[in-house]
Amino acid sequence: AHGVSPDIGNAPYSFSKSYKHFDYKIGAEYDLTPRVMTYLTYQTGYQPGSFNEVPATPTQSNEIRSPKLSAFTGGFKSRFMDNRLQLNVEAFHYTYKDFLIQAYDASKPYNEIFNAKTKHYGAQADMVYQPTAEDQLRVSLAYLDATIRKYSKPGFEQYEGLALAYAASWTLNVAYHHDFVLPSSDFIRVMGDVRYESEWWADAVHTPGANQPGAWKQNASVTYYEGGGVWNAGVWIKNISNKAVIAATAAAGIPGPATAYLEAPRTYGVRVGFNF
C-alpha cells in the first residue's frame, strides 16, 4: 500500500507485508445423562494486521500487529420436563494478544490504531420454557468482564484496567409469547420482550460523556397468522418507554468532549408478510 500521510505534512508512506497463521480447535464432550451434555473447548483465532497512515521510521514501525486469540469455553446443554424446559450454561475465558484499539487524539488529523493485551471472561445462561403448546418463555442472563491489561503504546498506562468499549457487565433478556388459537386454525400471537444492559463506556479511554448508564428497553407485538401459513399481519412497537440510549459516540464535537448517536426512539408500525 502507498499513500500520503494526513499527519506529517503530506509525507508519503508505504506498507507491505504478507500474513499467515495456523489456528486450531480441540474439545471434549461428555453426556452426564441422555439429556445433559457437558463440553470443554480450547481454540485459537487470528486476524491479519494492518497499518497506520504514517511513514515508518527507524524507531517506530507503522504496522499494527495481528491480533491473536486464545479461548477457553465450557458448559452444559440440557433438556428437562419432557423437553418443555431447555437450559444451557456456558463460561468462557478469552485472552487477546495485540487486540486492536483506536483512540481519539485532538493533536492529530486521524485516529491512530494501536495494540493492547486484553482479557475477557464471563458466563451466560439461556433458558427456554414451554409450559403449553401456546406459551413460551425465554430468559437469557450474561455476565462479562472485558478489560485492557496492557497497552503497547507509551503514555496510555493510566487507562490500563478499564473496561473495553460497549462491554456491559450484565445483560438480561426476557421474552414471552402466547398464541390464541382460533377455530379456523388461524392464531394470534401476542409477544413482549424486555432487555436490560448495565452501564458501559463507548470508548476504551472512558472519555467523559461517553458512558451509557444502565437502561431497560421494552418491545411488543400482536400478529395474526393465517392457518395455512400463507400470510400474516400485525402491529408492533419498539422502545415502549421511549428511553434515550447511546448507540455510539465519538470523542469530539462542539461543545464536546463527546458526540453521541442515539438508538431509535419509540417506534411503531404495521407489518404484513407472505410466504410463497
Side-chain angles (χ1 to χ4, degrees), residues 1-25 43-71 93-120 144-168 200-212 245-264:
H2 303 274
V4 175
S5 173
D7 184 39
I8 307 177
N10 294 325
Y13 69 85
S14 63
F15 180 81
S16 178
K17 186 171 182 177
S18 298
Y19 294 92
K20 59 182 179 180
H21 194 262
F22 175 76
D23 287 306
Y24 61 93
K25 178 179 180 179
Q43 67 183 83
T44 63
Y46 166 80
Q47 178 182 340
S50 186
F51 60 93
N52 284 303
E53 297 174 305
V54 295
T57 68
T59 58
Q60 184 173 351
S61 171
N62 59 359
E63 180 186 10
I64 305 166
R65 294 192 298 271
S66 304
K68 300 177 180 65
L69 168 67
S70 298
H93 187 285
Y94 297 167
T95 300
Y96 279 94
K97 182 180 179 182
D98 293 325
F99 189 84
L100 300 184
I101 298 287
Q102 186 176 47
Y104 175 71
D105 187 341
S107 68
K108 297 180 179 180
Y110 79 108
N111 290 341
E112 183 181 5
I113 301 174
F114 43 89
N115 299 106
K117 181 179 180 180
T118 68
K119 287 187 181 294
H120 313 228
L144 171 66
D145 184 301
T147 56
I148 298 169
R149 299 303 176 94
K150 183 69 176 179
Y151 273 105
S152 65
K153 184 176 176 62
F156 277 73
E157 291 81 7
Q158 60 181 312
Y159 304 116
E160 294 173 359
L162 298 183
L164 285 168
Y166 306 103
W200 49 263
W201 292 82
D203 66 7
V205 297
H206 293 197
T207 302
N211 74 307
Q212 170 61 53
V245 177
I246 293 174
T249 69
I254 299 174
T259 299
Y261 306 88
L262 301 180
E263 293 185 4

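Computed from a predicted model, the values in this text were never measured in an experiment.
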Legend entry - Interatomic spacing from OH in Tyr166 to CD in Gln212 - rounded to 0.5 Å: 11.0 Å
Legend entry - Lys68 atom NZ, over 12 foreign heavy atoms within 6.0 Å: yes
Inset, instruction - Please check if the side chain of Gln47 supplies one atom and the backbone of Pro67 the other of a donor-acceptor pair under 3.5 Å. - result: no
Legend entry - Nearest-0.5 Å distance that lies between atom CZ in Arg65 and atom CZ in Phe114: 12.0 Å
Inset, instruction - Begin with the C-alpha distance, continue with both residues' side-chain angles, and end with the deciding distance and a verdict on side chain to side chain contact (heavy atoms under 4.5 Å, CB included) for Ile148 and Leu162. - result: CA-CA 6 Å; Ile148 298 169; Leu162 298 183; 5.5 Å; no
Legend entry - Within 6.0 angstrom of Tyr19 OH, more than 12 heavy atoms from elsewhere: yes
Legend entry - Nearest heavy atoms of Ile246 and Ala260, plus distance in Å: CG1-CB, 4.3 Å
Inset, instruction - Please examine the side chains of Gln60 and Val54, heavy atoms only from C-beta on, and report whether any two atoms are closer than 4.5 Å. - result: no
Inset, instruction - Quick one: do Asn52 and Tyr13 satisfy side chain to side chain contact (heavy atoms under 4.5 Å, CB included)? Show the steps, please. - result: CA-CA 9 Å; Asn52 284 303; Tyr13 69 85; over 6 Å; no
Inset, instruction - Classify the ring geometry between His206 and Trp201 as parallel (under 30°), tilted (30 to 60°) or perpendicular (over 60°). - result: parallel
Inset, instruction - Measure across Ala167 and Leu144 and return the closest heavy-atom pair with its distance rounded to 0.1 Å. - result: CB-CD2, 4.0 Å
Inset, instruction - Mark yes or no for whether Asn62, through its side chain, and Phe51, through its backbone, hold a donor-acceptor pair below 3.5 Å. - result: no
Inset, instruction - Go through Leu262 and Val245 one step at a time and tell me if the side chain to side chain contact (heavy atoms under 4.5 Å, CB included) criterion holds. - result: CA-CA 6 Å; Leu262 301 180; Val245 177; over 6 Å; no
Inset, instruction - Classify the angle between the aromatic ring planes of Phe156 and Tyr159 as parallel (below 30°), tilted (30 to 60°) or perpendicular (above 60°). - result: tilted
Inset, instruction - Locate the shortest heavy-atom distance separating Ser61 from Ala56; write the atom from each residue and the value. - result: CA-CB, 4.3 Å
Legend entry - Donor-acceptor contact present, side-chain Ser152 to main-chain Asn115, <3.5 Å: yes
Inset, instruction - Indicate the atoms forming the closest heavy-atom contact of Thr147 with Gly161, along with that distance. - result: CG2-O, 4.0 Å
Legend entry - Lys117 side chain reached by Thr95 side chain, heavy atoms, under 4.5 Å: yes
Legend entry - Worked verdict on Ile101 versus Leu164 for side chain to side chain contact (heavy atoms under 4.5 Å, CB included): CA-CA 9 Å; Ile101 298 287; Leu164 285 168; 3.9 Å; yes
Legend entry - Expected output: side-chain Thr44 to main-chain Tyr24 donor-acceptor under 3.5 Å: yes
Inset, instruction - Could you tell me the separation between the CD atom of Gln158 and the OH atom of Tyr151, rounded to the nearest 0.5 Å? - result: 9.5 Å
Inset, instruction - Look only at the side chain of Ser66 and the backbone of Gly49, and say whether a donor-acceptor pair between them is shorter than 3.5 Å. - result: yes
Inset, instruction - Using a 4.5 Å cut-off on heavy atoms from C-beta on, say whether the side chain of Lys119 contacts that of His93. - result: yes
Legend entry - Neighbour count above 12 (heavy atom, 6.0 Å) for Glu157 CD: yes
